[in-house]
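All values derive from a computational prediction rather than experimental measurement. When a ligand or atom number is given, it counts from 1 through the structure's own listing order.
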Amino acid sequence: MNSSGPIGVFDSGYGGLTILSEFQALLPEYDYLYLGDNARAPYGNRSYDVVYDFTLEAIKFLWEKGCRMVIVACNTSSAKALRTIQQRDLKNMDSDFRVLGVIRPTTETIGSMSETQHVGVLGTEGTVNSNSYGIELKKFSPEIVLTQQSCPMWVPLIESNKHLSVSGKAIIKEDFELLISKDPLIDTVLLACTHYPIIVPYLKEITESHIKIVSQGPIVAAKLKDYLQRHTSLRGQISKGGKCQFMTTENPQVFNQSAESFMSIKVSAEQVRL
Ligand code: DGL
């Protein structure tokens, strides 16, 4: 395929917007196509097979829309489906098409951010139970002591805009404190779910000041920039102009409102079926 196309950014819902906004800030020259599978979110508690099927459908959809590369801006999909798709399914698309996730770039970087060398990871059940962070981090920073805590209610709370309700805050606080109680030496907490940066202001309120809360967006954006610098042929296939299209599998009005309130951006999404 010779024509150029946008960078596809995919998430189960709104979370990938936290990654997209960092891409736009660091790489404003490229075009983007965002796809949120809001109708089927959350993915976090679903089985491997289901996450794989949904993720593959989304990637094929973005490929058919002309994307030359897709960033799976969803940790659950990156943990449970990405490797199989990269090894088994991409060869049925075209050889230049690239699909990258968010776990590898994050684990390349996170170890160097901790002074105590004790890092905490908060993620969905799917991400935590897969131990993808544990496996990948061992490759880059084997000295790091990693403690993980799944937060099964956080994505449903954020998708339904109830994360700042009294009960929502209580659930978030309980999970956060559980993580720290497992290892009081933790000085760096990675938000290993792209939805979670939306609650950073609240997390900061309940976190002791010596603990850093790390969102993945800036890390993944810097790694993408570096990747594109090294892959000149792929870079040449990405369309430029700074345009961004939004697609959702749910009601577009609801998507627009949420995107605006969560990310302070105005969007006009199109509803699509995968
Ligand atoms: N933003 C997705 C992630 O990073 C949420 C997954 C879900 O839908 O539960 O894992």
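Residue F54 is tested with Y48, Y43, F10 for a ring-ring contact (aromatic ring centres under 6.0 Å, His included); the sole match is Y43.
For R230, the CZ atom sits in a packed shell: over 12 heavy atoms of surrounding residues, nucleotides or ligands are nearer than 6.0 Å.
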Open item on the list: For a side chain to side chain donor-acceptor pair (under 3.5 Å) check, start with the C-alpha distance between Q257 and N161, then their side-chain angles and the critical distance, and finish with the verdict.
Closed with: CA-CA 11 Å; Q257 268 169 16; N161 204 7; over 6 Å; no
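Every protein residue with a heavy atom nearer than 4.0 Å to ligand 1 is included here: D11, S12, P42, Y43, G44, C74, N75, T76, T124, V155, C193, T194, H195.
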Residues 146-158, side-chain donor-acceptor partners within the protein, below 3.5 Å, at least two apart:
residue : atom : partner : partner atom : Å
Q148    : NE2  : N131    : OD1          : 2.9
Q149    : OE1  : K182    : NZ           : 2.8
W154    : NE1  : D175    : OD2          : 2.9

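Every residue meeting the side chain to side chain contact (heavy atoms under 4.5 Å, CB included) condition with I85, not counting sequence neighbours, appears here in chain and number order: Y52, T55, L56, I59, A81, D89, L90. Evaluation of the side chain to side chain contact (heavy atoms under 4.5 Å, CB included) rule for I206 yields K173, F176, Y202, L203 as partners, not counting sequence neighbours.
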